[in-house]
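Remarks on the structure that follows.
Chain letters run A, B, ... following the sequence lines, proteins first and then strands; every chain starts at 1.
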Number of protein chains: 2
Amino acid sequence: MATTRTDPLTLEVVDLIGTVVARYHDEYEEVAARYGLTGAQARVLGLLSLEPTAMRRIAQKLKCEPSNVTGIIDRLEARGLVERRPDPDDRRVKIAAATEKGRDTARQLRDSLRFAREPLAELSAQERGVLRDLLKRMLGESPD
Amino acid sequence: MATTRTDPLTLEVVDLIGTVVARYHDEYEEVAARYGLTGAQARVLGLLSLEPTAMRRIAQKLKCEPSNVTGIIDRLEARGLVERRPDPDDRRVKIAAATEKGRDTARQLRDSLRFAREPLAELSAQERGVLRDLLKRMLGESPD
DNA sequence: TATTGTTATACTCTATAACTATA
DNA sequence: TATAGTTATAGAGTATAACAATA
């Protein structure tokens, strides 16, 4: 394989992306904490606010072991943000679903995440379009 | 304050940035694990490979409490990657420094982080320049 | 037999509070 | 008295292994 040269420009962009990642992550944790949630809890609640999901599938999306999901859902359920439902097709499966309160919280949380939105306001529509296209090409085609 | 409109293009870019953040984070953890390090340990080792740093300053850079740094440095020190040195100017202060083995590991680790480099190879030099400028404007002027 | 979710265990990261040795 | 680092403690996320219920 061809060695990727690391010219100064590439290194600068890599560094900028690192900064974006750090800032995004910090803000996500901070906003989650504002709602009394950990980052992992906020991510799961965000997932479930889109659609009810089986425990095992949640683990896949989080890239962690299924055993960990039990505790995260336990804590969200204890606060009335999530509930476990049986799967009518397979009695082994439990489906976690956001309650109405959970969906409310998820929406507020999403609205509070200004990071990726306010800085973008600095850019014109055309520039945002360019940024979109460049990011898309960086990320390549990898539908999850 | 003016409400930030969230037009479809902005939302798309926000989503793309979220994907970049997730992928970057996952790869960082995975590469660290390949060297038997946790993400936090790898980040600290990376810092110390650039310059020896007092415990308190490490906590500031990690945005965590100083008490946590003790354990992280303990574990890195137990593996011979880091050492504690006294500060000649203030006997309360301990300065953590990467050993030669630690600097080696940090360099290998850095070289293994292909994420932000290989995808950029998809872009021309001019496009990387555009991306750099857009990211810089997004991030604004905030020297750490 | 294989799979789903859970439990039990151990490790790391995290914040808080109390302690020590310096300043 | 204030500060740097540590220790003690508790909560949370993580992986691994073993288990019950179901397929």
Separation of [N] [atom2] from [X] [atom1] (nearest whole Å):
X       : N      : atom1 : atom2 : answer
B:Tyr28 : D:dT14 : OH    : P     : 18 Å
B:Gln41 : C:dC13 : CD    : C1'   : 10 Å
B:His25 : C:dC13 : NE2   : P     : 12 Å
B:Glu29 : D:dA15 : CD    : P     : 10 Å
A:Arg91 : C:dT4  : CZ    : C1'   : 13 Å
B:Ile73 : C:dT12 : CD1   : C1'   : 15 Å
B:Lys63 : C:dA15 : NZ    : P     : 12 Å
B:Asp74 : D:dA8  : CG    : C1'   : 14 Å

Check every strand shown and say whether B:Arg84 touches a base, only sugar-phosphate, or nothing at a heavy-atom separation below 4.0 Å.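 Answer is sugar-phosphate: B:Arg84 comes under 4.0 Å of backbone atoms only.
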Which is true for A:Asp90 with a 4.0 Å heavy-atom rule: it touches a base, it touches only sugar-phosphate, or it touches nothing? sugar-phosphate
Using only atom types and a distance under 3.5 Å, with no angle test, would you say the side chain of B:Thr99 pairs donor to acceptor with the backbone of B:Leu81? yes
Do the side chain of B:Glu77 and the main chain of B:Arg84 share a donor and acceptor less than 3.5 angstrom apart?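 Between the backbone of B:Arg84 and the side chain of B:Glu77 there is a qualifying donor-acceptor contact (under 3.5 Å).
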Give a yes or no on whether a salt bridge exists between B:Arg34 and B:Glu30, defined as a side-chain N under 4.0 angstrom from a carboxylate O. yes
Is there a side-chain contact between [X] and the phosphate of [N], meaning an N or O under 4.0 Å from OP1 or OP2?
X       : N      : result
B:Arg56 : D:dT3  : no
B:Ser67 : D:dG5  : no
B:Lys94 : C:dA21 : no
B:Thr38 : C:dC13 : yes

I'd like to know if B:Arg92 reaches the base of D:dT3 with its side chain, counting only an N/O donor and acceptor under 3.5 Å.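 When only heavy-atom distances are counted, B:Arg92 does reach the base of D:dT3 through a donor-acceptor pair under 3.5 Å.
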Out of [options], whichever nucleotide has its closest atom nearest the side chain of [X]:
X       : options                : result
A:Asn68 : D:dT6, C:dT12, D:dA15  : D:dA15
A:Cys64 : D:dA15, D:dT22, D:dA12 : D:dA15
A:Met55 : D:dG5, C:dT22, C:dT6   : C:dT6
B:Ala40 : D:dG13, C:dT14, C:dA15 : C:dT14

With rounding to the nearest 0.5 Å, note down the distance linking CG in B:Leu109 to CZ in B:Arg43.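 B:Leu109 CG to B:Arg43 CZ: 11.0 Å, rounded to 0.5 Å.
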Please assess A:Ser49 against A:Arg110 for the test side-chain contact (heavy atoms from CB on, under 4.5 Å), listing each intermediate value before the final yes or no. CA-CA 11 Å; A:Ser49 72; A:Arg110 208 160 20 233; 3.5 Å; yes
Where each residue is assigned the nucleotide of DNA chain D containing its nearest heavy atom, which of A:Asp89 and A:Ile72 is assigned the position nearer the 5′ end? A:Ile72
